[in-house]
Each structure stands twice: as structure tokens, then as C-alpha cells.
Amino acid sequence: MNKYRTHNCSELTKKNNAENVILSGWINKKRDHGNLLFIDLRDNYGVTQCVIDKSNKYFIKLEKIQLESVIKILGKVVNRSNETINSELKTGEIEVIIDSFETLGNCKELPMPVFTDQEYSEEIRLKYRFLDLRRKKIHENIILRSKVISFIRKEMNELGFLEFQTPILTSSSPEGARDFLVPSRLNPGKFYALPQAPQQFKQLIMVSGFDKYFQIAPCFRDEDARADRSPGEFYQLDLEMSFVEQEDVFNVVEKLMKNLFKKFSSKKFLYNKFPRIPYKEAMLKYGTDKPDLRNPLLINDLTSIFTREDVKFDIFKKLVKSGSKVRAIITKNTKDKPRSFFDNIDKWAKDQGASGLAYFTIENGKEISAKGPVGKFFSSESLNEIMKTTGAKVGDSIFFACGKINEVEKISSIAREKIAQDLDLIDKSSFAFCWIVDYPMFEIDDNNKIKFSHNPFSMPQGEIEKVDFKNPLNIKAYQYDIVCNGVELSSGAIRNHKPDLMYKLFSIAGYDKKQVDNKFSGMINALSYGAPPHGGIAPGIDRIVMLLAEEKNIREVTMFPMNQNAQDLMMNAPSEINEDQLKELGLALKSKK
RNA sequence: GGGGGUGUAGCUCAGUUGGUUAGAGCGAUCGCCUGUCACGCGAUAGGUCGAGGGUUCGAGUCCCUUCACUCCCGCCA
């Protein structure tokens, strides 16, 4: 028999009536009636009410013991009387009459309450994470995370994937994020880097002939945090497959996501087959490459309307002449919305740094007309044209944004979200997955330099002989993202397994052969020894769990997260190291300013 | 690197137009209470109002600087 317990704290029911039991756990709550004391004993599994009265010699001791102390209770299970049954508790039909008890772990005065639904500051939560993690919601989130990961492992195994570990200490690579660096004691002056992702390794695994690989892989990137982005480290379901095309990867991931999200959520899928949306189309219709497809609003391009003679909206017309674009969002049947609805959105847009949103509502008197501050600038014919291109009807309203393409995409994207929220158009009870496909291989940065827009190892689309290297910005890649409810879960690609092509693409981005050989030696070398066509993806585990747990902050699904400044307040990391350690590594610190 | 928000008791917060001795709930300590499940009742302790400077007869409150946490932009797949 186990020394500490015969049952856990959620097991006992009427069936156990009159049994002598041993329970161990934390004191969740005490209710002290002076001559009668109730103790809610909690463990990982649940809560059991235990009772003791003053005739018991342990009564005084138990009365004094601190909440959150760990105790072992010996007692007898009794059925509760009907009036005292607690239907909210799994064990609410019984209670344990305490016979004796033993303190296993004392608790000091708590820096924060554990048994409350009260919110408290992250600082205190992170410093005392071990207390925070005892609380119900986050405790359940972390258990969910564990279950999600083991489910993924099982599914991946069934799909024929093999799990492999890849090195944590590896080499620094150009492109992408800032690396975390680790000095090498045995190689003074040289540094390892922690992997931003096992990208090159997983491709090498394919070259090594393993066919299907996956890993719940830690990834390290030294970039600033966001609510949905941990500083430093996060986990991906990294996977790679040989002899596949894009659709083969999609099939595997769709199957996995559907099984996973059905298993851990009761929400429905908006699309059973995930829509494939070309990058260009996504940027036009949604203003972003991570659209929330639960939101029914679409963005329309109305630039050409503002070249018409019979449209007199001069501010926009002037901007259009100098190359700006006009994008519009139609809201269905909003003619009766109060003026404040429209003005709030306009004011909100100005707060976002845009020049505001113009708007009007389409009316039908003698002829089609527009009502609203800028309505008078639009002729009936131009309105008919707008209705034709956008599908807007009488009674609908139209919001306009005008600006340079990047700006107008951005503002129309967040306006689409804002308007949908205000009109309560987003179906919160569903998951809307989609694939964003056909990403451009290259893009132009602020200094007018061509750079890889995604991953330098992606395969360009089309037959290699026909790729138009003269116009690199037109080259599309077999590069894709998977998005759910506006959350980017992952990006992936069919990889470029042809070294010659790789050199060519790198040369467009300004790397000569020598540089490529030097920086990507492991991989480029391997590709010239018989590499299979291959591709993969790497969905973010943390974000999947966030969606399933309906959390907005990644720290709510991370056991021991760092704060925004990449500090672990509980472990005191990062910390200073002593002179000897520095010396051994051949390092010297510059004095801080 | 930049912008916004927050910072008052161990915790969560209130604090009016600048005005006497800075309050509440929870927690802690002490006392009362035999059926609670957010038990109830009474009392006590607990404050560098994030820090520094300034304005003022007088600052938790106004101004400047600074620090911490957080959200966002940049950055990042």
C-alpha cells in the first residue's frame, strides 16, 4: 500500500462509504466554525472535503495550519446528508471524517492567494510560478498542452513519421532572426548558435533517406516578445517528408489538425477542406496574409472609381493620381446604424495612425445616391459602378481607405477586424483554417535591395528551365502558411534540393557561391550527393494550444515562461557569471555605460 | 530603438478640484462560533503612495527625470 494515499482527491464517491482512507494534498481552503472545521484538500485530480471537530486531539493543530500546506489525512468516508451535498464537486456526495493527520510540507505566509479567481500581476505570478501553476485554469492549460503533445506524437507515428532529435548546439546562420550564441570553451573565439529551427537538420534527415521525420522541436530566436510570442524559445511540431509535392504536405497537416482540434475542442470547422488562398489574393481581400476567415467582411479595390470624372472626391483623387490605392469594406444593411457607429470607426482609424476612413451609405430615392459626409462627391453612375464591383446593395455602407499600398493594406486589414467586432460578425464558436499559398520568392527591402521574402531554401514554382530570373520579384515559391482564426500557425515549403538552382537564387539575393558554401556548408554539400525532393512545415505548438485553450497570451500555456524582457523571475535568469567562467571561455566584458 | 497603459498594505483595488491622521475587500494575528463549501461575527497589526527632483503655505493628486511590469510598432515565421 502506498504510504501517502489510498485514493486521490477526486476519486471518492458514495461507493466508498464507511471506508477508511488516506488522502494527501494541499489545503485549498479552510472553513473554521470554532468547534467544527472543514478542510478542502486538493491535489492534481480534484478536491475532497474533510471534516474534524474539537473532540479530536488534532483539531487545534489543524485549525492553525497555513493554507497551501501539504498534509496527509487518515479518515473515514461518510455520505453527506442531502442538504449538504455539493453538486459542483466531483466528490461532493461524500466527505472524509478526519481521524488523524500529518504535515508533509509546511507553507509560509503566501505572497499571493492561490485559491481565488482573482487576477494578479504577471510579475508576481512569474516569480512564484510554482504557486500560480496550482491554480485551476493554468493547471488545466498545462495538462491540455501535455495531452495535445502526446496526441500529436501518436498521430504522427500512425501517419508513418519517425521522431528524431537534432542538435541544440549548432552553427549560426545568416538570414532570419538573431541567434542565441554560446561561446565554445574548446574553440576559443568561436561560438555555437542555438537553432532558430531545425531547418537544415531536417533537410539533412531527408537526404539521409529517412523519408518522414517529425519532432516536437525547441526553437530559439533572440527577438522581442509579443503576447503571442515568447521571448527566446518556443516549440514547433517540425515535420519533413520526402518525394512529396505541396498537396501531400497539406493532406497530412489537414488530417492532423482536424483530428487534433476535434479531439480537444467542441468548436466546429468552418471549412472542412481548408481553402487555399494565393498570397496576392489574401493581401487584396483581407489586407494580410493571416486572415481570420470567421470574419465575413471582404476588402475591395476601388482605385479605378477615383479616376472617373463624375467622382469629385478630390483628396482621394489626388492621392490616386500619385499612385495611392483605394480599398473599401462593405457592411451589409447598416443604413439604420447611428451616426456614432460610423464616427467611432473613423475616430478609431485616426487613432491607428491612418488619415481616417471615409464612409457613406447607399440609398435609393429617385436614383441611387450616397448618404454620409462624403456621399455628395459620388454620382449615381459611379455608385452603380461601385455596387457592381463590390456587390453592395441599397442599405449597405461602404468604408474607404486611401494610401500607399502597404499602408492601405494595413489599415483596411485592421479596419476589417474592427468593423466586424463592432457589428459582432465573428463566429466565436468555430475554427476557420486556411492555407496561404504562392508566396513570392523575393521581396524588396527598404534599401531597395532584393532579399528572400521567406525561406531561402524554398523551391521556385514552375519548370526550372522556364523560371524568369531576370524578374526575380515575379518568381513564386512553393511556400505556404497555415492560418487558423487569424493566427499564423506555421509556414512551410517544398524545398529546393538542387544545388545549382540554390546558388542562382542566392546570387539574386546578393550571396556569391563562396558565401553560400561557407554559411550553409552542411546542407549545400549534402544536396550534391543525391537529395530527394522534399518539403515540410512546422506548426507552432504554443499557438495551437492557445487556440484550444482560448487564451490570448502565450504565457498562459507555457509552464515556466520568461517575462517580456526575456528574464526568468523565478530562476533569476539571465544572471551574471564569475570571472573564472569568463576566463575559461576566453571572454572579457566591456564595462556597461 | 519608439509609442500607449499600469504602479497606493502580503494580494486585488478605491482615493473627488492639491487641503486635517491615506481607505476597503481578501490574506495574516488574536478572540467567538458544530454543517460550511467565497462560512459568519468582532478586534489587532500591516504604507518610503515605484524611485529621485521640482512647483506650492501644503503633493498619493500638478510638472520634470528615472525604474519596473504590460500591450503595441520596429524586429521575428
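Sequence lines set the chain letters: A, B, ... in the order given, protein chains first and strands last, and positions in each chain run from 1. Any value given below was found using the heavy atoms of this structure, including those in side chains, with hydrogens, waters and symmetry copies removed.
Rounded to the nearest Å, the gap between the P atom of A14(B) and that of G7(B) is 7 Å. Only the P atoms considered, G19(B) is 10 Å distant from G60(B), to the nearest whole Å. Comparing the C1' positions of G10(B) and G27(B) gives an interatomic distance of 7 Å, to the nearest angstrom. With P as the reference atom, U12(B) and C73(B) are 27 Å apart, rounded to whole Å. Atom name C1', nucleotides C11(B) and C64(B): the rounded distance is 32 Å, in whole Å. The P atoms of A43(B) and G25(B) are separated by 10 Å, rounded to the nearest whole Å. Going from the C1' atom of A28(B) to that of U16(B) covers 32 Å, rounded to whole Å. Across the C1' atoms, A45(B) and G74(B) are found 50 Å apart, a figure rounded to whole Å.
A 3.5 Å limit on both hydrogen-bonding distances identifies C11(B) as the Watson-Crick or G-U partner of G25(B). Pairing for G35(B) is absent, judged as Watson-Crick or G-U wobble with the two contacts each under 3.5 Å. G19(B): Watson-Crick or G-U partner is C57(B), with both key distances under 3.5 Å. Pair assignment for C69(B): G5(B), on the basis of Watson-Crick or G-U wobble contacts that are both within less than 3.5 Å.
Straight-line distance from the CZ atom of Arg543(A) to the P atom of C76(B): 14 Å, rounded to whole Å. Between the CD atom of Glu63(A) and the C1' atom of C30(B) there is a distance of 12 Å, rounded to whole Å. In this structure, Lys54(A) atom NZ and C33(B) atom P are separated by 7 Å, rounded to whole Å. One can place CD1 of Ile60(A) at 11 Å from P of C33(B), the figure rounded to the nearest angstrom.
In this structure, a donor-acceptor pair under 3.5 Å is present between the side chains of Asn141(A) and Glu551(A). For the 3.5 Å distance criterion, the side chains of Asp438(A) and Gln461(A) qualify, holding a donor opposite an acceptor. Side-chain atoms of His33(A) and Asp53(A) include no donor-acceptor pair closer than 3.5 Å.
For NZ of Lys72(A), the number of neighbouring non-hydrogen atoms (other residues, nucleotides, ligands) closer than 6.0 Å is greater than 12.
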Give each protein N/O atom lying under 3.5 Å from an N/O atom of nucleotides 70-74 of chain B, with the pair distance.
{"from": "U70(B)", "atom 1": "OP1", "to": "Gln564(A)", "atom 2": "N", "distance (Å)": "3.3"}
{"from": "U70(B)", "atom 1": "OP2", "to": "Gln564(A)", "atom 2": "N", "distance (Å)": "3.1"}
{"from": "U70(B)", "atom 1": "O3'", "to": "Arg555(A)", "atom 2": "NH2", "distance (Å)": "3.4"}
{"from": "C71(B)", "atom 1": "OP1", "to": "Asn553(A)", "atom 2": "ND2", "distance (Å)": "2.6"}
{"from": "C71(B)", "atom 1": "OP1", "to": "Arg555(A)", "atom 2": "NH2", "distance (Å)": "2.8"}
{"from": "C71(B)", "atom 1": "OP2", "to": "Gln564(A)", "atom 2": "NE2", "distance (Å)": "3.4"}
{"from": "C72(B)", "atom 1": "OP2", "to": "Ala227(A)", "atom 2": "N", "distance (Å)": "2.9"}
{"from": "C73(B)", "atom 1": "OP2", "to": "Arg226(A)", "atom 2": "NE", "distance (Å)": "2.8"}
{"from": "G74(B)", "atom 1": "N7", "to": "Arg226(A)", "atom 2": "NH2", "distance (Å)": "2.6"}
{"from": "G74(B)", "atom 1": "O6", "to": "Arg226(A)", "atom 2": "NH1", "distance (Å)": "3.0"}
{"from": "G74(B)", "atom 1": "O6", "to": "Arg226(A)", "atom 2": "NH2", "distance (Å)": "3.1"}
{"from": "G74(B)", "atom 1": "N1", "to": "Asp224(A)", "atom 2": "OD2", "distance (Å)": "2.7"}
{"from": "G74(B)", "atom 1": "N2", "to": "Asp224(A)", "atom 2": "OD2", "distance (Å)": "3.3"}

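Contact check on Arg42(A) versus Glu68(A) returns a salt bridge, with a Lys/Arg side-chain nitrogen under 4.0 Å from an Asp/Glu carboxylate oxygen. The pair Glu119(A)-Lys137(A) does not count as a salt bridge, with every side-chain nitrogen at least 4.0 angstrom from each carboxylate oxygen. Salt-bridge check for Asp222(A) with Arg178(A): failed, with every basic side-chain N at 4.0 Å or more from each acidic carboxylate O. Ionic pairing of Arg229(A) and Glu223(A) is not present here: no N-O contact between side-chain nitrogen and carboxylate oxygen is shorter than 4.0 angstrom.
Asp289(A) meets the side-chain hydrogen bond (donor to acceptor under 3.5 Å, both in side chains) test with Tyr439(A); sequence neighbours excluded.
A ring-ring contact (aromatic ring centres under 6.0 Å, His included) check over residues 213-237 of chain A, counting only residues at least two apart or in different chains, returns nothing.
Across all strands shown, Gly540(A) has no heavy atoms under 4.0 Å from either base or sugar-phosphate atoms. Residue-level contact check: Lys64(A) touches the backbone only, with heavy atoms under 4.0 Å from sugar-phosphate atoms and none from bases.
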Can you give me every donor-acceptor pair (side chain of residues 73-80 of chain A, partner residue at least two apart or in another chain, under 3.5 Å) with its distance?
{"from": "Arg80(A)", "atom 1": "NE", "to": "Gly92(A)", "atom 2": "O", "distance (Å)": "3.2"}
{"from": "Arg80(A)", "atom 1": "NE", "to": "Ile94(A)", "atom 2": "O", "distance (Å)": "2.9"}
{"from": "Arg80(A)", "atom 1": "NH1", "to": "Thr84(A)", "atom 2": "O", "distance (Å)": "2.9"}

**Request:** Quick one, give me the B/S/- string for nucleotides 35-44 of chain B, reading 5' to 3', where B means a protein heavy atom under 4.0 Å from the base and S means that only happens at the primed atoms, P, OP1 or OP2.
**Result:** BBBSB-----
**Message:** Each nucleotide in nucleotides 4-12 of chain B should get exactly one letter: B, S or -. Can you fill that in based on protein heavy atoms under 4.0 Å?
**Reply:** ------SSS
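Between Thr116(A) and Ser55(A), it is Thr116(A) whose nearest contact on RNA chain B lies nearer the 5' terminus.
Looking at Arg31(A), Lys30(A), Lys29(A) one by one, the single match for salt bridge (Lys or Arg N to Asp or Glu O under 4.0 Å) with Asp40(A) turns out to be Arg31(A).
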**Item:** Working for salt bridge (Lys or Arg N to Asp or Glu O under 4.0 Å), residues Asp481(A) and Lys290(A)
**Value:** CA-CA 8 Å; Asp481(A) 277 12; Lys290(A) 41 180 180 175; over 6 Å; no
